[in-house]
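Let me begin by presenting the structure, written as structure tokens, before commenting on it.
Position 1 is the first residue of the sequence, and the numbers go up from there. Since the model is a prediction, treat every value here as computed from it, not as a measurement. Quick note: numbers below take in every heavy atom, side chains included, and nothing from hydrogens, waters or symmetry partners.
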Amino acid sequence: MRSDDVKSSYTRAPNRALIRSLGISDKEMEKPFVGIANSWNTIVPGHTHLRMVAERVREGIAAGGGVAFEFNTIGICDGIAMGHEGMRYSLASRENIADSVELMIQAHRFDALVCICTCDKIVPGMLMAAARCNIPAIVITGGNMLPGHYKGCEISLTDVFEAVGKVAAKKMTEEELHELESAAMPGCGSCQGLYTANTMACMTEAMGMSLPGCAAIPAVDTAKLRLAYESGTRIVEMIRENLRPSDIITKDSLKNAIAVDMALGGSTNTVLHLMAIAQEAGVPLSLEDFTRIGETVPHICSMQPGGPHSMQTLYHSGGIPAVLKQIRDHLDDCMTVSGKSIYEIADGVGYIDETVIRSTKNPVHSAGGLKILKGTLAPNGAVIKSAAVSSAMWRHEGPARVFDGENEAMDAILTGKIIEGDVIVIRYEGPRGGPGMPEMLAPTSALMGLGYSRVALVTDGRFSGGTRGPCIGHVAPEARAGGPIGLVHEGDRISIDLFERRLDLLVDESELAERRKVWAPKERELKGVLARYARYAGQADIGAVME
């Protein structure tokens, strides 16, 4: 056992003395040591209940014959951080989380790892650490929040963001907005729709790193506590089997995750995170893999924000195992932390509500819910949640409205300076230029709330999983790195074609060459975490990981 490094032979007496001070007995000293990385805190709604989840994991580990040691990581709530300078710190926190878990696991020589996590950057950060450390590891995601209710309708966080635009358009009063915000988020858990947090939970289960059914269980459902206990007992079995992330996170399992992503129409952020996890696992993965899988796997579940279904509805309809069964022919048969293969899990499904999780013969769309676009504006790629775009906007050409930052664009939107047909360009919000690729749920939701139907948005930043509409993010190279998005002028024509997966700046190359001669990147005064991240962050097309 790895833990023998801190507890075996007479030379480790000082180490053992410190461990004994924790109340560890002689008998426990002979058992495997399991580290529990818990992102519990009292500021993130998705994390406030994770202490209770951890207790059940600890009980499971003890019952399985292991000894549990719990530690914490940080966790940022993207919703609370949204729309101000705090959002720049979110993506950088993913690297901090991966590093902190690695530090704790390697320094204390744990034999295995249980990751208890929810929300956007925390789940991928812990998966990155699990792949990096490559000791037996299992993830239990904390679960989704129950829907809110307002005037007889189910609501979620995106309804509140979009209501800001309705207030600006005089379609809603501030008193009604207060009522809405007070009803939208009824308790603990990750935001209700298939936003980034819940998409990453689904990806974790699809790639085999959490037990079957984990992703869709609501945070308040006792099934989550039962699964936490089972995760605890299972991790000790995995130590004996020497089942490691390198056995589970493979090219085939990541392709399965992408296939489920396409079937559900998940958050565009999964492209960043799956690429980052693949790099840590030493698995070759490219944007072309997303394109190829997206062409063959149909979109079969119309999830919020683009459709009507919440995560709670997905859970009651069969959850991720049911999705696996519906798209079984598009999957590779990979091992999972449960000890069962993907095909075994899919074949064991008894109930599917096909009004929610459709068959591949009756899809929502014939192709996957995400698309990778390339063209003269995005030579290295960009991403859009096509499942949340109306058919009328799958092809669009319009004049560029250029803003060097999200705040400028938000001001223009709320003050009526945008007209139908415009293509809003928000730049210098990429991994290095932002820095940190801040999410832009505020401007995209404002556009929806104000009632725009023919305005597109293009950025080298990124979007919340709650964004819907013709919003294209992750444009690479970013403006700060000299990408063509930094050369766009007000009024330039931009062409978007989702059918052909194209994003083009309709300006002659000779003109762009002249613009490059006088172009200089915009600089920000930075210090601390953001300065370090801006210096070393890679581009979005490779996951924006620290180089």
Do side-chain atoms of [X] reach the backbone of [Y] as a donor and acceptor pair under 3.5 angstrom?
| X | Y | value |
| --- | --- | --- |
| Asp541 | Ala476 | no |
| Ser341 | Glu344 | yes |
| Thr336 | Gly208 | no |
| Asp504 | Leu506 | no |
| Thr250 | Ser246 | no |
| Gln326 | Ile357 | yes |

Is [X] salt-bridged to [Y], cutoff N-O under 4.0 Å?
| X | Y | answer |
| --- | --- | --- |
| Arg454 | Asp422 | no |
| Lys224 | Asp221 | no |
| Glu241 | Arg234 | yes |
| Arg244 | Asp247 | no |
| Glu478 | Arg432 | no |
| Asp332 | Lys251 | no |
| Arg427 | Asp460 | no |
| Glu439 | Arg88 | no |
| Asp120 | Arg462 | no |
| Glu162 | Arg468 | yes |

Anything under 30° is parallel, anything over 60° is perpendicular, the rest tilted; go ahead and classify His365 against His299.
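Judged by the thresholds at 30° and 60°, the geometry between His365 and His299 is parallel.
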
Close side-chain approach of Leu243 to Pro136, heavy-atom, < 4.5 Å
no

Under 3.5 Å, is there a donor-acceptor pair linking the side chains of [X] and [Y]?
| X | Y | value |
| --- | --- | --- |
| Ser310 | Gln312 | no |
| Thr158 | Tyr195 | yes |
| Asn198 | Ser190 | yes |

Think Arg328 forms a cation-pi with Tyr343, using NZ or CZ under 6.0 Å from the six-ring centre and within 45 degrees of its axis?
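Yes, cation above the ring, under 6.0 Å and within 45°.
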
With Asp333, which residues qualify under salt bridge (Lys or Arg N to Asp or Glu O under 4.0 Å), at least two apart?
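Salt bridge (Lys or Arg N to Asp or Glu O under 4.0 Å) check on Asp333 returns nothing, list empty.
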
Tell me, please, which residues at least two apart from Glu295 pass salt bridge (Lys or Arg N to Asp or Glu O under 4.0 Å).
Arg501

Which residues satisfy the side chain to side chain donor-acceptor pair (under 3.5 Å) test with Ser445, sequence neighbours excluded?
none

